[in-house]
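Here's the structure we're looking at; comments come further down.
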Amino acid sequence: MDYNFREIEQKWQQWWRDNQVYKVDIDPSRPKFYVLDMFPYPSGAGLHVGHPLGYIGSDIYARYKRLHGFNVLHPMGYDAYGLPAEQYAIQTGQHPEVTTVKNITRYREQLDKIGFCYDWSREVRTCDPQYYKWTQWAFLQMYKSYYNTAIEKACPIEELIAHFEQYGTDGCNAYSGSSATFTADEWNAMSKVEKENTLMDYRIAYRGKTMVNWCPQLGTVLANDEVSEGVSVRGGYPVEQKVMNQWCLRVSAYAPRLLRDLDTIEWTESIKETQRNWIGYSEGAEMNFEVAGTGKNLLIFTTRADTIFGVTFMVLAPESEYVDEVVTAEQRQAVDNYLDEVKHKTERERMIEKKVSGVFTGSYAINPVTGKEIPIYVSDYVLAGYGTGAIMAVPAHYSRDYAFARHFDLPIIPLVEGADVTEESFDAKEGIMMNSSNDLLQLNGLTVKEAIEKTKRFIAETGLGRVKVNYRLRDAIFSRQRYWGEPFPIYYDQDGQPQPLDESELPLLLPEVDAFLPTETGEPPLARAKNWVASNGRPLELCTMPGFAGSSAYYLRYMDPHNDQALVSHEADGYWRQVDLYVGGTEHATGHLIYSRFWNKFLYDYGYVCESEPFRKLVNQGMIQGRSNFVYRIKDTNKFVSYNLKDQYEVTPIHVDVNIVSNDALDIDKFREWRPEYKNAEFILENGKYICGWAIEKMSKSMFNVVNPDSIVEWYGADTLRLYEMFLGPLEASKPWDTNGIDGVHNFIKKFWNLIFKGDRLALTDRPATPDELKSLHKLIKKVTGDIENFSFNTSVAAFMICRNELQALKCDAREVYEQFIVLLAPFAPHLCEELWHALGHSGTVCDAQWPEWNEDYLKESTTKYTVMIKGRPRYDIFVPAGTEAAEVEKAALTHEGAAKWLEGATPKKVIVVPNKLVNIVL
RNA sequence: GCGCCUGUGGCGAAAUUGGUAGACGCGCUAGACUUAGGAUCUAGUAACUCCGGUUGUGUAGGUUCGAGUCCUAUCAGGCGCACCA
């Protein structure tokens, strides 16, 4: 019987389905383990061979854990809302749901062929109303909450209202986007609309005027992580800055916890570092600068309070509220012109120009320490969204200020001894302070670090300002002017104020529209929906939620996917708790992985979930790049020359479909069929073959280097694909796909099969295993167990091959050895092992076998080999009984006949015995 | 500019605490066998060599009896953040 993978794989996939082998339920008698893949967006292109890399890794781990007796939750679903389906809908009029469902079907077919152990009864789709009901529900909870900074958690907005009624903002610990203060009387005197507007500064989900990334081509706003280098990540269209009224999530309130809790989770250092960067902690001080002659104050933020003596001007962000307050009548026109100019520049243009620009407001501020008057400027190098949108400029020690000062010819005062500021600023936080003492504050002679601390204390004590921590993390913009997303459970009342729908009205279904474009008046596509009104007749919100809305809590829904009373029941959440292993790409580091943590923490604050972090351990699989092949056409002919002969001709390299190339040798017949223009192609061969050139490029259709998992499964089978993807290298590493080499693992499977079967019958006996066989097996158990724990799957595959080679050399036919080998291999090659497991007479699935334990006794050597090194080189080996003392080993090494030969009479200066390894004799 | 990661044969890559560098696989070379296959099996495969050896983990130093591994500097490549005060 030959290894017929097509038959075997089909048979067991069917059997697993029929017997619901991968269905899991809560089972308090067993420990749980939750293994999750980042669910895919089902794109029209289908899966290529790079996508399943992480899925295979997590599948192996899930199966491994199950073999250890864990109740393993390993679900899969689809992130179904997204721009490509909608763009396609706009072009073709095809409803996005139709394309999405079609793509999902295709994904499912491809995934099923690889033999994953997903519990498909728990599948979720973000566009399913039963799913997005809970996305809408969570949004409502956020709308009804504010963030209490004293106890660091979200609380009901009613508590805040009660506080305002009694005390106003006095003693209020609520996180707010506004610095406005009011008394209880003022609050109580506010109109309903005024109160609503004020509360919007506190709600965790809020609607507010914010600077947004507006993408005109996509007709929607984008989140910061959806924009890279001034263009949209999807599509690459230019993005401009614009103030708009948008729904937002107050992610910034959670910045301290998002930063702090990174220390409690097992993620790679690089991803944590990326998140730390994105959250952007900086400790500094806020300080008030009085505007001369007005009595008004400018609040600024600085991390370099120590440089207060070097402040020679102030700068406001163009969007700062202060601009209007300080601009003088004479400068009004100039400032307005500048603001106008800035507004029309896109972020990209600003970045490309990198030129110093700004305008004087006409006003002066008073340096609170030196008492000197300094001019106030407006410039776009100061950002409205960070700190207070106003800075004190210290040109000598900050490069942006320096460039500005040079351009406008403003004074530059050096504050650090020995710092040369004639050419550039001295930005380093080191050195000894100078020019920095007067009656109020003395910093001269201190180091910069001491000066920073002293100034901060000074500011706090004198009431000039306060110590302040700032975060770079911005609130997430949560509305999209798009059709294919979750509708907001929000309507607008008579006053035009947003109001929440009652929870009983969820899910609010996405309505049908006749076209997916914005309306003629520029309103979002939902404005086309007939009767888009709430049950009270009021108009509903026209925006939909962004892509990350549905993916922020999907891991919770898998725990309890069919519950229509709650996102997840306490019972299910209490059992499955959090994702123990999350596998996915690094591209979500600043998007999904931040939003999910935020979302989870919000739910945690209300006790809806019991863990404050969603993903305990995160493993990032690398990207698989394409390996393109080239043929070389001789110029102006239809003649192609093989790779190593091409230098003799003038040739043009042409991409050729990698699927008609094998081990870089071109299948000439298939090439002639590939395209009509090559039908009569001629070839100059080497050694009877046409050898193609190659290059590593992105996997894409246009390079003809896309390899589908289906075609590999067709040729070699799913088990070979699984083993080979793991064998390719470390899971985390990015690497090119190279089908050359797959024969190696395929041969391993075939050879392993042939050890167990001779012809049609089992070639195994019930004799006990020999010590050598047991040693080989137990070495394998130990190695594979350790490797899987460390996600080092490539070395486990190598270990299987080594063990198989050894068993063959030992002519091993002991059934007990193979029985355990099969269990070890089962996570990697489940179809093969299921077949063998049954062939060996078992009835249940190999998934429920017991993972073998290794026995150190079998691994012990009766004798230990020591390599004797003389003059730094290995000279001869000695064999001593295992456990021999170092002194005895040394004696054995020196009395060995080799010693006489190599020492040539010299006396050793030193002898070093490394236990179980070597003896180093130094002359 | 700041931060993080990676540099090992023709190729993908191994190498617990520093302990015979290159496991395993591909490719290549030679041979065997044959029901001529998408085979299988055996041996070899870092480089140089006067066949004694010598040199080899990006480069240059250092620590050590001993360094791919630790330290310092430097080069190259990748990733993240970036008018963030």
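In this structure, A:Tyr338 and A:Val323 have side chains that are not in contact, with every pair of non-hydrogen atoms separated by 4.5 Å or more. Side chains of A:Glu273 and A:Arg276 form a contact here, defined as non-hydrogen atoms less than 4.5 Å apart.
Atom CG in A:Asp787 sits roughly 11 Å away from atom P in B:U16 (whole-Å rounding). A straight line from CD1 of A:Ile749 to C1' of B:A39 spans 17 Å, rounded to a whole angstrom. When the P atom of B:G1 is taken as reference, atom OH of A:Tyr402 falls 17 Å away, rounded to whole Å. Taking atom CD of residue A:Gln625 and atom P of nucleotide B:G12, one finds them 12 Å apart after rounding to whole Å. As rounded to whole Å, 14 Å separates atom P of B:C24 from atom CG of A:Leu780. Regarding A:Ile374, its CD1 atom lies at a distance of 19 Å from the P atom of B:A85, rounded to whole Å. The CG atom of A:Asp738 sits 13 Å away from the C1' atom of B:G10 (whole-angstrom rounding). Rounded to an integer number of Å, the gap from A:Leu723 CG to B:G12 P is 21 Å.
A close approach under 4.0 Å does occur between a side-chain nitrogen or oxygen of A:Asn794 and OP1 or OP2 of B:A14. Distances shown here put every side-chain N or O of A:Tyr381 at or beyond 4.0 Å from the OP1 or OP2 atom of B:A85.
For the P atoms, the distance linking B:G9 with B:G37 amounts to 39 Å, nearest Å. The same atom, C1', is picked in B:A76 and in B:A21; the two are 23 Å apart, to the nearest Å. For the P atoms, the distance linking B:A23 with B:G77 amounts to 30 Å, nearest Å. Taking the P atom of each, B:U29 and B:U20 are spaced 33 Å apart, rounded to whole Å. The same atom, C1', is picked in B:U35 and in B:G44; the two are 30 Å apart, to the nearest Å. Using atom P as the reference point in both B:G10 and B:G80, the two lie 31 Å apart (nearest Å). Separation of the C1' atoms belonging to B:A14 and B:U69 is 14 Å when rounded to the nearest angstrom. Of the C1' atoms belonging to B:G19 and B:U64, the separation is 12 Å, rounded to the nearest Å.
Closest to the side chain of A:Arg472, from the set B:C83, B:A14, B:C81, is B:C81. Nearest nucleotide to the side chain of A:Lys750, out of B:A13, B:A39, B:A85: B:A39. Closest to the side chain of A:Met801, out of B:U42, B:G25, B:A85, is B:G25. Nearest nucleotide to the A:Leu383 side chain, out of B:G80, B:A85, B:C41: B:A85. If you check B:C81, B:C24, B:U40 against the side chain of A:Asn747, the one that comes closest is B:U40. Considering only side-chain atoms of A:Ala798, the nucleotide from B:A13, B:A23, B:C81 that sits closest is B:A23. The side chain of A:Thr795 approaches B:A15 more closely than any other nucleotide in the set B:A13, B:A15, B:C4. When distances run from any side-chain atom of A:Glu273 to the nucleotides B:G3, B:A82, B:G12, the shortest one goes to B:G3. Checking B:G27, B:C81, B:C4 against the side-chain heavy atoms of A:Asn277 singles out B:C81 as nearest.
Among the atoms of the strands shown, none is found under 4.0 Å from any heavy atom of A:Arg804. Contacts of A:Pro730 with the nucleic acid, taken as non-hydrogen atoms under 4.0 Å apart, involve only primed sugar atoms and P, OP1 or OP2. When heavy atoms are screened at a 4.0 angstrom cut-off, A:Asp401 is found touching no nucleic acid atom at all. Using a 4.0 Å heavy-atom cutoff across all strands shown, A:Asn470 reaches no nucleic acid atom at all. In this structure, A:Arg304 reaches the sugar-phosphate backbone alone: every heavy-atom distance under 4.0 Å involves primed, P, OP1 or OP2 atoms, never a base.
Below 30°, between 30° and 60°, or above 60°: for A:Phe752 and A:Phe748 the angle between ring planes is below 30°, a parallel geometry. Classified by interplanar angle (parallel below 30°, tilted 30° to 60°, perpendicular above 60°), the ring pair A:Phe404/A:Phe313 is parallel. Using cut-offs of 30° and 60° for the angle between ring planes, the A:Tyr716 and A:His746 rings count as perpendicular.
The residue among A:Gln275 and A:Asp743 whose nearest nucleotide of RNA chain B is located toward the 5' end is A:Asp743. Nearest-nucleotide mapping onto RNA chain B: of A:Trp278 and A:Gly744, the residue sitting toward the 5' end is A:Gly744.
Between A:Tyr471 and A:Trp278, the ring centre distance reaches or exceeds 6.0 Å.
Checked against side chain to side chain donor-acceptor pair (under 3.5 Å), A:Asn470 has no partners two or more places apart in sequence or in another chain.
A distance-only check finds no donor-acceptor pair linking the side chain of A:Glu286 to the backbone of A:Val467 [under 3.5 Å]. Using a distance-only test at 3.5 Å, with no hydrogens or angles considered, no donor-acceptor pair links the side chain of A:Arg722 to the main chain of A:Ala829.
Here B:G9 is in the syn range [glycosidic angle within 90° of 0]. Nucleotide B:G52 is shown with a syn base, its glycosidic torsion being within 90° of 0.
The distance from the CH2 atom of A:Trp854 to the NE2 atom of A:His778 is 11.0 Å, given to the nearest 0.5 Å.
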Item to check | Pair pattern of RNA chain B in dot-bracket, where unpaired bases get dots and | marks partners in another strand, Watson-Crick or G-U under 3.5 angstrom | outcome: (((((((..(((......[....)))((((((.......))))))(((....)))..(((((..]....))))))))))))....

